[in-house]
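Note that these values count all heavy atoms, side chains included, but never hydrogens, waters or copies made by symmetry. Keep in mind that what you see is a predicted model, and the values were worked out from it rather than measured.
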Amino acid sequence: QVQLVESGGGLVQAGGSLRLSCAHSGRTFSMYGMGWFRQAPGEEREFVACISRSGTATYYADSVKGRFTISRDNAKNTVALQMNSLKPEDTAVYYCAATSTGDLPSVYNAYRYWGQGTQVTVSS
């Protein structure tokens with residue numbers, strides 16, 4: 001069973017930065033592609049970014065491209081999301097997720113395991 005635990009959320013002013021981290025339990029981290037999604041109140045869960053098993057390929061939603069960076073450390077079983085130039089519309093609960101597919105999926109139902117989420121609030 002895979003467990004994912006996010007950390008690093010919080011309150012930040014517009015234009016600021018936050019770094020989210022997700023810890024993956026078990027010894028199979030490098031077998032999973034990893035993704036970040038977010039969900040604002042009253043909205044559907046939205047794709048943010050994903051990274052391949054090796055970390056050599058990434059894919060971003062247009063809304064965060066150029067501002068957010070996803071990375072992973074397979075030795076530490078962690079994936080991170082560096083968020084810069086934050087905007088109030090980035091406010092949401094952010095979720096880490098793991099997929100066993102070999103692609104870079106942007107749809108939530110391609111991901112089998114999910115963390116509990118961490119709140120990010122960007123004030124204007």
Side-chain angles (χ1 to χ4, degrees):
Q1 182 73 12
V2 171
Q3 290 188 328
L4 303 173
V5 179
E6 302 97 335
S7 60
L11 173 65
V12 64
Q13 289 187 334
S17 298
L18 279 176
R19 183 177 178 85
L20 306 183
S21 184
C22 174
H24 175 288
S25 67
R27 304 175 182 176
T28 60
F29 180 63
S30 62
M31 296 174 59
Y32 291 93
M34 300 298 296
W36 286 95
F37 288 74
R38 66 187 182 186
Q39 189 167 18
E43 302 290 332
E44 294 186 352
R45 194 162 296 191
E46 174 189 31
F47 168 76
V48 175
C50 60
I51 189 166
S52 62
R53 297 165 182 169
S54 65
T56 57
T58 57
Y59 179 61
Y60 296 92
D62 288 343
S63 58
V64 306
K65 199 173 296 182
R67 300 188 297 124
F68 291 10
T69 303
I70 188 171
S71 61
R72 68 186 295 160
D73 185 336
N74 284 351
K76 296 182 178 179
N77 287 6
T78 58
V79 60
L81 185 69
Q82 178 66 42
M83 306 186 294
N84 299 328
S85 302
L86 283 161
K87 305 175 181 179
E89 51 264 44
D90 293 319
T91 295
V93 176
Y94 282 70
Y95 297 90
C96 169
T99 178
S100 58
T101 70
D103 301 323
L104 292 170
S106 60
V107 291
Y108 74 91
N109 58 9
Y111 291 81
R112 181 176 181 183
Y113 299 105
W114 292 83
Q116 82 289 349
T118 185
Q119 176 70 47
V120 171
T121 303
V122 184
S123 63
S124 57

By ring-ring contact (aromatic ring centres under 6.0 Å, His included), Y94 pairs with (sequence neighbours left out) none
For F37, the hydrophobic cluster (side chain heavy atoms closer than 4.5 Å, chained through members) also holds F47, Y59, V93, Y95, L104, Y108, Y111, W114
Those residues at least two apart in sequence (or on a different chain) that pass side chain to side chain contact (heavy atoms under 4.5 Å, CB included) with T56 are S52, S54
For A98 and M34, the nearest pair of non-hydrogen atoms, with its separation, is CB-SD, 3.6 Å
Applied to residues 56-70, the salt bridge (Lys or Arg N to Asp or Glu O under 4.0 Å) test, sequence neighbours excluded, yields D62-K65, R67-D90
Just distance, no hydrogens or angles: give the donor-acceptor pairs under 3.5 Å from side chains in residues 5-12, sequence neighbours left out.
residue	atom	partner	partner atom	Å
E6	OE1	Q116	N	3.0
E6	OE1	Q116	NE2	3.4
E6	OE1	G117	N	2.9
E6	OE2	C96	N	2.8
E6	OE2	G117	N	3.3

Between A49 and Y60, the two heavy atoms sitting closest are CB-CD2, 3.6 Å
Sorted by chain and number, sequence neighbours left out, ring-ring contact (aromatic ring centres under 6.0 Å, His included) with F68 holds for none
Sorted by chain and number, sequence neighbours left out, salt bridge (Lys or Arg N to Asp or Glu O under 4.0 Å) with R72 holds for none
Between A14 and S124, the two heavy atoms sitting closest are CB-CA, 4.4 Å
Look at the side chain of T121 and the backbone N and O of T91, then say whether any donor-acceptor pair between them is shorter than 3.5 Å. no
Contacts satisfying salt bridge (Lys or Arg N to Asp or Glu O under 4.0 Å) that involve residues 108-124 (not counting sequence neighbours) are none
In short, S30 meets N74 closest at the heavy-atom pair CB-ND2, 3.7 Å
Across all chains, not counting sequence neighbours, the side chain to side chain donor-acceptor pair (under 3.5 Å) partners of S123 are none
In short, A110 meets P105 closest at the heavy-atom pair CB-CB, 3.5 Å
Those residues at least two apart in sequence (or on a different chain) that pass ring-ring contact (aromatic ring centres under 6.0 Å, His included) with Y32 are H24, Y113
D73 and F29 have their tightest heavy-atom pair at O-CE2, 3.8 Å
Extract all donor-acceptor atom pairs below 3.5 Å that involve side chains of residues 75-83 and protein atoms in other chains or at least two apart in sequence.
residue	atom	partner	partner atom	Å
N77	ND2	G26	O	2.8
Q82	OE1	R19	NH1	3.3
Q82	NE2	N84	OD1	2.9

Those residues at least two apart in sequence (or on a different chain) that pass salt bridge (Lys or Arg N to Asp or Glu O under 4.0 Å) with E46 are R38
Quiz item: Between R53 (side chain) and S100 (backbone), is there a donor-acceptor pair under 3.5 Å?
Solution: yes
